[in-house]
Structure formats: C-alpha cells, structure tokens
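Below is one structure, written out as structure tokens; the observations come after it.
Since we're looking at a predicted model, the values are computed, not measured.
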Amino acid sequence: MIRVAVVDDDCLVTESLKTILEASGEIIVVGTGNSAPEAVALFLKERPDVLLTDIRMGESTGIQAAKEILQQVPDAVILLLTTFSDDEYIREALSLGVKGYLIKQNLSAIVPAIKAVNSGQSVFGTEIVGKLTEILQNGPAKKVHDYQLSDREEAILLEVAHGKNNKEIAEALFLSEGTVRNYLSQLLEKLEVRDRTQLAIFYYQEYQ
C-alpha cells in the first residue's frame with residue numbers, strides 16, 4: 001500500500017480525494033490537512049510515501065510547504081494539485097524538485113500519478129507538458145556544450161526526460177540497473193542539479 005497525505009484548503013475536496021485514493025485499493029491516506037503549515041506538520045509526523053497538496057490555500061501555498069519540507073527531507077515525494085495552470089508556479093515547483101504537478105479537474109490521473117511518483121518517476125499533467133518548453137525557455141538556461149556529455153549520457157538524459165525509471169532505462173538501453181545508477185550520479189554531478197526532475201528540465205531547455 002502507498003501511504004499518502006492529502007492537503008487542500010477545501011475540506012470537501014480533501015474528503016473526496018481521500019475517497020478516490022482509497023477506492024483504488026492500492027493507497028491508504030494516513031492523514032489530511034487544510035493549509036501549508038498543516039502540510040508540513042503532517043508530513044514530518046507521518047512521513048508518507050507521497051504528499052498530495054493543493055497549490056493555493058488561503059494566505060499560504062503548497063509551494064511554500066514543499067520548500068520547507070524539502071529543506072528538511074530532501075528526498076520527500078510531493079505531488080502538487082491545482083486548478084491554476086500558472087507558469088510561475090510550475091517553474092518554481094520544478095526548480096524545487098517537486099515530483100509532479102497536476103490540474104485538479106483531471107481526477108482520473110491522480111491515482112496513476114501517485115503510483116508513478118512513488119516509483120521514482122516525475123509526472124506532469126497534459127496541460128503542463130504542452131507548456132513545458134515555453135515555460136523553461138523563459139528561465140535561466142545552461143548550455144549543453146559546456147558539459148561535454150557523452151552519447152550514452154545524452155541517451156540516459158533523454159530517457160529520464162521521458163519519465164522512465166531506472167529499470168525501464170536499463171531495458172531500453174541494454175544496461176544493468178547499477179550502470180544506469182552510476183550514469184545518473186555522474187549526470188547529477190556534471191550538470192550540477194539535485195534530482196531527476198531537474199535533469200528533465202535541463203533536457204527540455206537544451207534539446208527541445
């Protein structure tokens with residue numbers, strides 16, 4: 001069972017999400033909250049596998065909660081949920097290392113998204129994916145030639161950008177999972193980024 005904490009400033013939405021998630025039979029909701037401070041406290045208390053939190057919650061935001069949580073628990077898995085397809089929020093979420101960003105109306109995508117981020121993938125709703133290149137081009141760009149990536153490193157970077165986990169990358173490139181992990185560690189160090197999400201950002205900035 002995947003342990004999930006759910007936070008939204010609308011209590012009805014929180015309960016609805018809890019019902020949807022637990023109806024899957026693969027997820028248990030370990031706690032709910034209604035604000036960014038509650039999201040932080042709930043995460044630190046329960047240490048869920050995934051935190052599902054709304055972006056806009058009164059005077060605070062899910063982004064603020066994510067930032068505080070990731071400062072204390074760098075490997076926290078956070079999935080943002082919102083009704084707002086806001087470029088600035090998306091860019092900030094990506095820069096923090098948040099694992100996913102979904103539009104709230106797409107309820108059918110929530111359970112698959114939670115399963116995906118729990119397995120190590122990054123997930124962005126179709127509304128977000130269509131805007132990624134434009135959003136990221138407006139941010140600060142690194143130049144790929146400065147890093148002298150090998151063909152193999154570029155191939156692995158491409159697979160990461162497509163949301164594949166280590167096992168899937170190993171199968172696609174006929175490598176062992178250990179070799180994939182080694183390449184990923186090299187890429188993180190060489191590109192000076194913190195996680196797979198930021199590797200994907202680098203790819204979309206430089207190769208699209």
Side-chain angles (χ1 to χ4, degrees), residues 1-86 88-125 128 160 163 165-166 184 188 193-201:
M1 297 287 278
I2 304 173
R3 301 174 68 255
V4 177
V6 179
V7 181
D8 191 289
D9 61 347
D10 187 326
C11 294
L12 290 176
V13 171
T14 303
E15 289 305 309
S16 296
L17 289 171
K18 182 176 186 293
T19 300
I20 291 169
L21 296 179
E22 294 191 332
S24 71
E26 300 176 78
I27 295 170
I28 181 170
V29 176
V30 297
T32 61
N34 303 111
S35 68
E38 286 183 18
V40 175
L42 179 60
F43 185 91
L44 295 178
K45 177 184 177 183
E46 298 292 344
R47 294 300 174 102
D49 298 315
V50 179
L51 171 65
L52 177 65
T53 180
D54 192 15
I55 291 279
R56 298 193 183 188
M57 295 184 288
E59 296 180 355
S60 59
T61 70
I63 297 286
Q64 292 169 332
K67 185 174 183 178
E68 186 171 343
I69 290 168
L70 288 165
Q71 285 174 343
Q72 300 183 62
V73 187
D75 60 352
V77 177
I78 300 172
L79 182 60
L80 297 172
L81 193 61
T82 184
T83 55
F84 302 93
S85 183
D86 187 304
E88 205 52 52
Y89 278 137
I90 297 168
R91 188 180 295 111
E92 189 172 1
L94 290 170
S95 69
L96 285 175
V98 168
K99 299 304 180 186
Y101 192 117
L102 296 175
I103 301 301
K104 210 180 263 187
Q105 289 89 333
N106 192 5
L107 294 177
S108 63
I110 295 175
V111 170
I114 286 175
K115 292 165 65 176
V117 297
N118 186 60
S119 70
Q121 300 179 52
S122 297
V123 175
F124 301 96
I128 308 302
V160 170
N165 59 32
N166 288 1
L184 286 173
L188 291 171
V193 297
R194 55 177 285 174
D195 58 23
R196 301 171 80 98
T197 301
Q198 293 185 347
L199 284 176
I201 291 172

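The line from OG1 of T82 to CG of D54 is 5.5 Å long, rounded to the nearest 0.5 Å. Note that CG of L42 and CZ of R47 are 11.5 Å apart. Values are rounded to the nearest 0.5 Å. Taking CD1 from I78 and CZ from F43, the interatomic distance works out to 6.5 Å, rounded to the nearest 0.5 Å. With rounding to the nearest 0.5 angstrom, the CD1 atom of I27 is 9.5 Å from the CD1 atom of I110. The distance from atom CD1 of I28 to atom CG of L21, rounded to the nearest 0.5 Å, is 11.5 Å. Rounding to the nearest 0.5 angstrom, the gap separating the CG atom in L52 from the CG atom in L81 is 5.0 Å.
Using a 4.5 Å heavy-atom cutoff, the side chains of Y101 and I55 are in contact. In this structure the side chain of M1 never reaches within 4.5 angstrom of the side chain of V30, judged on heavy atoms. Residues L188 and L199 have side chains in contact (heavy-atom distance under 4.5 Å, counting atoms from C-beta outward).
None of L102, T61, I63 except one satisfies the side chain to side chain contact (heavy atoms under 4.5 Å, CB included) rule with L80; the exception is I63.
Taking every heavy atom of both residues into account, A66 and V98 meet most closely at CB-CG2, 4.0 Å. Residue A113 comes nearest to L79 through the heavy atom pair CB-CD2, 4.0 Å, listed as atom of the first residue, atom of the second, then distance. Scanning both residues, V123 and A116, for their nearest heavy atoms gives CG2-CB, 3.4 Å. The nearest pair of heavy atoms linking N166 to R196 is OD1-NH1, 2.6 Å. Minimum heavy-atom separation, C11 to N34: SG-ND2, 3.7 Å.
Residue pairs meeting the side-chain hydrogen bond (donor to acceptor under 3.5 Å, both in side chains) criterion with at least one partner in residues 1-16, sequence neighbours excluded, are D8-K104. The side-chain hydrogen bond (donor to acceptor under 3.5 Å, both in side chains) pairs that include a residue from residues 22-33 are K18-E22, E26-K115, where partners are two or more places apart or lie in different chains.
Qualifying side-chain hydrogen bond (donor to acceptor under 3.5 Å, both in side chains) partners for S108, counting only residues two or more places apart in sequence or in other chains: N106.
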